[in-house]
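All figures in this text were calculated on a predicted structure; none of them were measured in a lab.
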Amino acid sequence: LTSLAAATRESAVASLANLCAVQVPHLEGTRIAPSVEGSRRTGPGFSLIVPPDFQPLSVQGIDSKVGAWADSAGHEIAYDYGAGMDLDRLRARLVEYTECRDSIGGFPVLLTAGYDTAGRTYSGRRVPQFVAIAHWRERQPSPYMTVSVTSPDRAGLSRGLGVIRSVRFH
């Protein structure tokens with residue numbers, strides 16, 4: 001069972017290919033969804049496309065504006081507009097993560113992706129999951145912005161990466 005779990009995790013991490021339109025040798029597999037069906041949701045100073053099967057979650061920010069949506073299969077989308085996320089704490093939770101820089105919504109972004117074995121979710125569940133997070137830190141003078149997607153499966157991660165690519169700033 002341990003080797004099956006390791007193979008599943010390795011396979012899961014492999015699904016994060018083409019995150020920044022480049023092949024990362026140990027992350028081959030799933031592609032970014034070319035487009036995401038859904039409605040454009042507006043947050044403070046930005047918008048993104050949320051698939052129609054996602055429902056809003058009740059979340060409360062401490063020092064920033066936050067929002068989250070989830071579907072019944074355990075996929076989640078969240079944003080944090082303001083103080084930002086502790087990247088070192090996030091990296092500590094991920095196995096075999098990768099990072100790259102890109103431009104989304106007209107601004108430089110740091111993309112972090114990996115597999116979270118602890119799997120904390122906004123809906124309160126703890127399950128292993130794929131994670132992709134976009135961190136906009138160079139939007140001056142605007143606040144930091146983070147969009148995260150989590151998914152228990154490759155298809156959901158592909159769609160989540162498409163959601164990240166749909167971010168536009170106003």
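Here the straight-line distance linking atom CG of Leu48 with atom CZ of Arg165 works out to 14.0 Å at 0.5 Å rounding. To the nearest 0.5 Å, atom CG of residue Leu111 and atom CD1 of residue Ile104 are 5.0 Å apart.
Residues Met145 and Val147 have side chains in contact (heavy-atom distance under 4.5 Å, counting atoms from C-beta outward). Taking the side chain as every heavy atom from C-beta outward, Ser158 and Phe130 never approach each other to under 4.5 Å. The shortest distance between side-chain heavy atoms of Pro108 and Asp102 does not fall below 4.5 Å. Between Thr146 and Ile133 there is a side-chain heavy-atom pair separated by less than 4.5 Å. Counting heavy atoms from C-beta on, the side chains of Pro44 and Tyr81 come closer than 4.5 Å. Between Val167 and Ser47, the closest side-chain pair of non-hydrogen atoms is not below 4.5 Å. At least one side-chain heavy atom of Glu76 sits under 4.5 Å from a side-chain heavy atom of Leu57.
In this view, Pro56 and Trp69 satisfy the side chain to side chain contact (heavy atoms under 4.5 Å, CB included) rule, not counting sequence neighbours. Evaluation of the ring-ring contact (aromatic ring centres under 6.0 Å, His included) rule for Phe54 yields no partner, not counting sequence neighbours.
A pairwise comparison of heavy atoms in Gly38 and Pro52 identifies CA-CD, 3.7 Å as the closest pair. Of all heavy-atom pairs spanning Ser151 and Gly156, the tightest one is OG-CA, 3.3 Å. When all heavy atoms of Val109 and Ser103 are compared, the closest pair comes out as CG1-N, 4.1 Å. Across Gly160 and Val149, no two heavy atoms sit closer than the pair O-CG1, 3.5 Å. Pairing each heavy atom of His170 with each of Thr42, the nearest pair is NE2-CG2, 4.4 Å. Listed here is the closest heavy atom pair of Tyr115 and Gln129: CD1-O, 3.4 Å.
Salt-bridge formation is detected for the pair Asp53/Arg159: a Lys NZ or Arg NE/NH1/NH2 atom is positioned less than 4.0 Å from an Asp or Glu carboxylate oxygen. A salt bridge does not link Asp88 with Arg93: every distance from a Lys NZ or Arg NE/NH1/NH2 to an Asp or Glu carboxylate oxygen is 4.0 Å or more.
His135 and Thr112 share a donor-acceptor pair across their side chains, judged by distance under 3.5 Å alone. No side-chain donor-acceptor contact under 3.5 Å links Arg168 and Ser166.
No donor-acceptor pair closer than 3.5 Å links the side chain of Trp136 to the backbone N or O of Leu110.
The aromatic rings of Phe169 and Phe46 sit tilted relative to each other, their planes meeting at an angle between 30° and 60°.
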